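Comments concern the structure below.
All of these numbers come straight from a predicted model, not from anything done at the bench. Counting starts at 1 for both ligands and their atoms, following the listed order.
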Amino acid sequence: MTVSTLDHLVAGRPWAGTSTRTSPVYDPALGTVSTEVRLASAADVDAVVAQAQAAQADWGEASVARRMDVLFRFRELLTTRRDELAQILTAEHGKVLADAAGEIARGIEVVDFALTMPHLNKGEFTQNASTGVDVYSVREPVGVVGIISPFNFPAMVPLWFFPLAIAAGNAVVLKPSEKDPSASNWLAALLDEAGLPPGVMNVVHGDKEAVDALLVHPGIAAISFVGSTPIAQYVYQQATAAGKRVQALGGAKNHMLVLPDADLDLAADAAVNAGFGSAGERCMAVSALLVVDSVADELVERIRTRMAALRTGDGRRGCDMGPLITAAHRDRVSGYIDIAAADGATVVVDGRTGEFDGAADGFWLGPTLLDRVPLDSAAYRDEIFGPVLSVIRVPGYAEAIDIINASPYGNGTAIFTNDGGAARRFQRQVQVGMIGINVPIPVPVAYYSFGGWKASMFGDAKAYGAAGYAFFTREKAVTSRWLDPSHGGINLGFPQND
Ligand code: NAD
């Protein structure tokens, strides 16, 4: 069977570029190649950036009212046609349709937030900073923004950035994951339909060659990256060395702590949702469950019972959990079950032996529960990025805090307790960027900002929220004096307040 080829989407039109390299895109629930995506050369990236630069010159001058009008229409179209996008996400990522719908809903929140740009973009004004002198600030677009996104949120992560970048008057070159690239073309086509001028939003597909070209391209002013920690660090170093502003969000190993006074049913539900939702392929997934010894047996049993009711299978069939993104990733994740067992962990539920409601060749791995995972096992230390939940039994609160703070990552964490004092202490003591109190996946709403600490983020500006908007703008401070009949004539002295 011949498969179709997904082109880049430049200035509102499919564009083949000049490179002949392509990469297969799978339907993970079928295990078959559904399309192939073009992989841009550096010359292709040059051509796309040139289009974006040309378009940005006019878009940066467009009135606030016009920019908001386009974004508002985009929001309307996205809301009306979200089911279409969910189908694309499930077909290429594998996540179940309900989860795909959730991802889109969180993305739409950022579009809502981008519509507050007229307020966000206001500058400050000081009248009479010195006699007859006014000082004010204005925010201007940075130019062309490069967005490089990961496979696990093919719609939401681009939506974290491009609505704000475009609202601020920038043009965008989006390089999505080559594993599930179609959602980006769909979103860019929708912007075109909403009336965005051609060239303001462009999608270039590719791998390291395209990314490397973007990172050093003189026509790119800012880079927003989301992906694994080694690549985030590389992107940050390359692009900052090339003089760009960079926000580079990396990987994670998120801990959830359950204290003995917690509601254990709530905690068990939360651990199952946060451990196995989207097959654990979330940067905010809980992968390390720290449980105080006195309630550990009971909690493990409640989790095990809940896991028995989960259905893993094709995301279009109403299952709870879908396949992993590729066969290679599935094999890597299942390898960690062997590693954990060899290191002395107990395999309470082994996802390799389950039944799957889907094609035989799908990239299946069922939910897996490991108990008593040693802290020096790679199964604890590494980001597994799959449906594997590791229980680590701790004597008490203090030991748990030490474990969380010893992790090189600091993306998200959660505490489950009914003790407000303990929760408050936890919130202050953990070295982590996003914290949940009886909330397992504390992804901030769009008007706060998303970003971790330590190896989970490189750069200063978090994604979305006020900081995420500011990242896409440059501030000018203007000092202004208009001649007044009483200005006092020539004075060659250094300007001073009086
Ligand atoms: P990845 O790092 O493999 O890929 C991310 C992007 O970088 C893709 O567009 C890819 O094409 C590109 N890329 C890959 N290798 C490259 C290289 N050597 N040089 C230049 N570019 C390269 O990540 P992934 O597997 O697509 O996504 C999963 C990872 O993303 C996990 O580590 C997860 O924790 C992380 N993630 C983090 C967040 C966050 O907000 N912190 C959110 C989502 C995902």
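Among Gly412, Gly227, Ser149, Ala210, the residue whose heavy atom lies nearest to atom 8 (C) of ligand 1 is Ser149. Closest heavy-atom approach to atom 16 (C) of ligand 1 within the set Thr326, Asn254, Ile231, Ile325: this belongs to Ile231. Nearest-heavy-atom check against atom 28 (C) of ligand 1 across Tyr234, Tyr409, Phe385, Phe153 picks out Phe385. Heavy-atom proximity to atom 29 (C) of ligand 1, evaluated over Ser23, Pro181, Ser228, is greatest for Ser228. Of the options Cys283, Pro230, Gly452, Ala463, the smallest heavy-atom separation from atom 38 (C) of ligand 1 is shown by Cys283.
Aromatic pair Tyr464/Phe471: ring centres not closer than 6.0 Å.
Listed by number with element, the atoms of ligand 1 under 4.0 angstrom from any heavy atom of Ile148 are 6 (C), 7 (O), 9 (O). Every atom of ligand 1 is numbered from 1 in the order shown, and the set under 4.0 Å from a heavy atom of Val226 is 5 (C), 36 (N), 37 (C), 38 (C), 39 (C), 40 (O), 42 (C), 43 (C), 44 (C). Close approach of ligand 1 to Trp160 (heavy-atom distance below 4.0 Å) involves ligand atoms 40 (O). The contact set between ligand 1 and Asn152, taken as ligand atoms under 4.0 Å from a residue heavy atom, comprises 43 (C), 44 (C). Numbered from 1 in the order shown, with element, the atoms of ligand 1 that lie under 4.0 Å from a heavy atom of Val211 read 20 (C), 21 (N). The Glu383 neighbourhood of ligand 1 comprises atoms 31 (C), 32 (O), 33 (C), 34 (O), with distances under 4.0 Å to a heavy atom of that residue. Ligand-side atoms of ligand 1 in range of Phe450: 39 (C), 40 (O), range being under 4.0 angstrom from any heavy atom. Within ligand 1, the atoms closer than 4.0 Å to a non-hydrogen atom of Glu178 are 10 (C), 11 (O), numbered from 1 in the order shown.
In terms of polar-atom proximity, Asp207 is not counted as a contact of ligand 1, lacking any N or O under 3.5 Å from an N or O of the ligand.
Legend: residues meeting side chain to side chain donor-acceptor pair (under 3.5 Å) with Asp44, ordered by chain and number and at least two apart, are Thr18, Ser41.
Under 4.0 angstrom from ligand 1, there are no non-hydrogen atoms of Val235.
Counting only heavy atoms, the protein gets under 4.0 Å from atom 11 (O) of ligand 1.
The closest donor-acceptor contact from the side chain of Asp343 to the backbone of Ser377 lies at 3.5 Å or more, if one exists at all.
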